[in-house]
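Just below is one structure, and these are the notes that go with it.
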2 protein chains.
Amino acid sequence: MATKHVKEMDALKEHLGKHQLKLTRQRELILSAFLRQEHITAEAMYHQLAKSDPHLGLATIYRTLNLFCDAGLAQARHFGSQTKYDNVSHKGHHDHLICTGCEKIVEFENEEIERLQEEVATRHGFTIKTHRLELYGLCTRCRD
Amino acid sequence: MATKHVKEMDALKEHLGKHQLKLTRQRELILSAFLRQEHITAEAMYHQLAKSDPHLGLATIYRTLNLFCDAGLAQARHFGSQTKYDNVSHKGHHDHLICTGCEKIVEFENEEIERLQEEVATRHGFTIKTHRLELYGLCTRCRD
DNA sequence: ATTGAAATTGATAAACTGTCTCAAAATTAT
DNA sequence: ATAATTTTGAGACAGTTTATCAATTTCAAT
Ligand SMILES: [Mn+2]
Ligand SMILES: [Mn+2]
Ligand SMILES: [Zn+2]
Ligand SMILES: [Zn+2]
């Protein structure tokens, strides 16, 4: 549908325009697939897209997902040895609860923690630009 | 001096004893160098130790630092794409403030944040096993 | 619609970090 | 000292991501 993901497509176009970058078939294709995901690795996107477009190169996936990060549509998160691209196009900042049993990822946001982080930083003379908070454990189902 | 790092050396010996592992020249050497650090990568230890012992293999450094983790003397921390081994022999749990300007790392510990983390986890049915909290920003000196 | 400069792509090489392999050496219990 | 077991060092190997570069595509200006 031409009515889906218009907002994100426009955000990408705006970023492209500002940086003398071009809109390509691949970029449209990867964006549309990416927006259907919550968190995904480049490798996983590669295999998923290979079904419909077997000649899409892995390097292009990486380049494009990194472009999405620059455009503010994605955020790279280093979970273990892999980088997952977090689809942040329709949501604000958040942190993660990760089940080490089933790999489930739950997003959360806690204002009080954010406030305390600022407090800690200030106490040490730091100005926070970003942060990363990940809680690892077992979800209800995996605790059996 | 034979009087330095005796406690940690004993902790290592105890771990070795319990797991049918042997005390080697390399393990003593790497331990003594490691205990002088706060946070260090395997690669950095490799180069540092190469000055006095050019034939120490990188694999041995990795193996030994991982051994220290098992023995509770070190903790592996994945900062970006590199693993830093945190010398936790003389300190308990803590999190990190990291200056993106000069790479300075400040350790902190905030009970209130820890408590709120538990609260968030409980609310989502999770049981936390570990967590990671890193605040990235600029220290006083780099904010100029 | 054509042209042409500039950006992009895909295939693959390379970089980078960390682990594995295995013969030789070191350790430890006997 | 002997012998079983563990460890070491060198380099091969593996997993993930980036760099290279010739061919292709985009897009703004004719
Ligand atoms: Mn997320
Ligand atoms: Mn630390
Ligand atoms: Zn689970
Ligand atoms: Zn600094």
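Every chain is numbered from 1 and lettered A, B, ... according to where its sequence line falls, protein lines coming before strand lines.
Judged as a side chain to side chain donor-acceptor pair (under 3.5 Å), and not counting sequence neighbours, the contacts of B/Asp86 are B/His39, B/Arg77, B/His94, B/His96.
Under 3.5 Å, the side chains of B/Gln48 and B/Tyr46 contain no donor-acceptor pair of N or O atoms.
In this model, the phosphate group of C/dA11 is approached by a side-chain N or O of A/His55 to a distance below 4.0 Å at OP1 or OP2. OP1 and OP2 of D/dT17 both lie 4.0 Å or more from every side-chain N or O belonging to A/Asn66. Close to C/dG18, at under 4.0 Å from its OP1 or OP2, lies a side-chain N or O of B/Tyr62.
Taking atom CD of residue B/Gln20 and atom P of nucleotide D/dA4, one finds them 16 Å apart after rounding to whole Å. Going from atom CG of A/Leu21 over to atom C1' of C/dA5 covers 16 Å, rounded to whole Å. The CG atom of B/Leu67 sits 16 Å away from the C1' atom of C/dT19 (whole-angstrom rounding).
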Is there any protein nitrogen or oxygen under 3.5 Å from a nitrogen or oxygen in nucleotides 13-15 of chain D, and what are the pairs?
none

Provide a list of protein-nucleic acid N or O atom pairs under 3.5 angstrom, restricted to nucleotides 22-27 of chain C.
| unit_1 | atom_1 | unit_2 | atom_2 | d |
| --- | --- | --- | --- | --- |
| C/dT27 | O2 | B/Lys22 | NZ | 2.6 |

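Taking 4.0 Å as the cut-off between side-chain N and carboxylate O, A/Glu107 and A/Lys91 count as a salt-bridged pair. Look at B/Arg132 and A/Asp95 and you find no salt bridge, because none of the NZ, NE, NH1 or NH2 atoms lies under 4.0 Å from a carboxylate O. We find that B/Glu112 and B/Arg115 are joined by a salt bridge, their nearest charged nitrogen and carboxylate oxygen being less than 4.0 Å apart.
Checking side-chain atoms of A/Thr60 against main-chain N and O of A/Leu56 turns up no donor-acceptor pair under 3.5 Å.
Nearest to the side-chain atoms of B/Ala59 among the listed nucleotides C/dA11, D/dT8, D/dG11 stands D/dG11.
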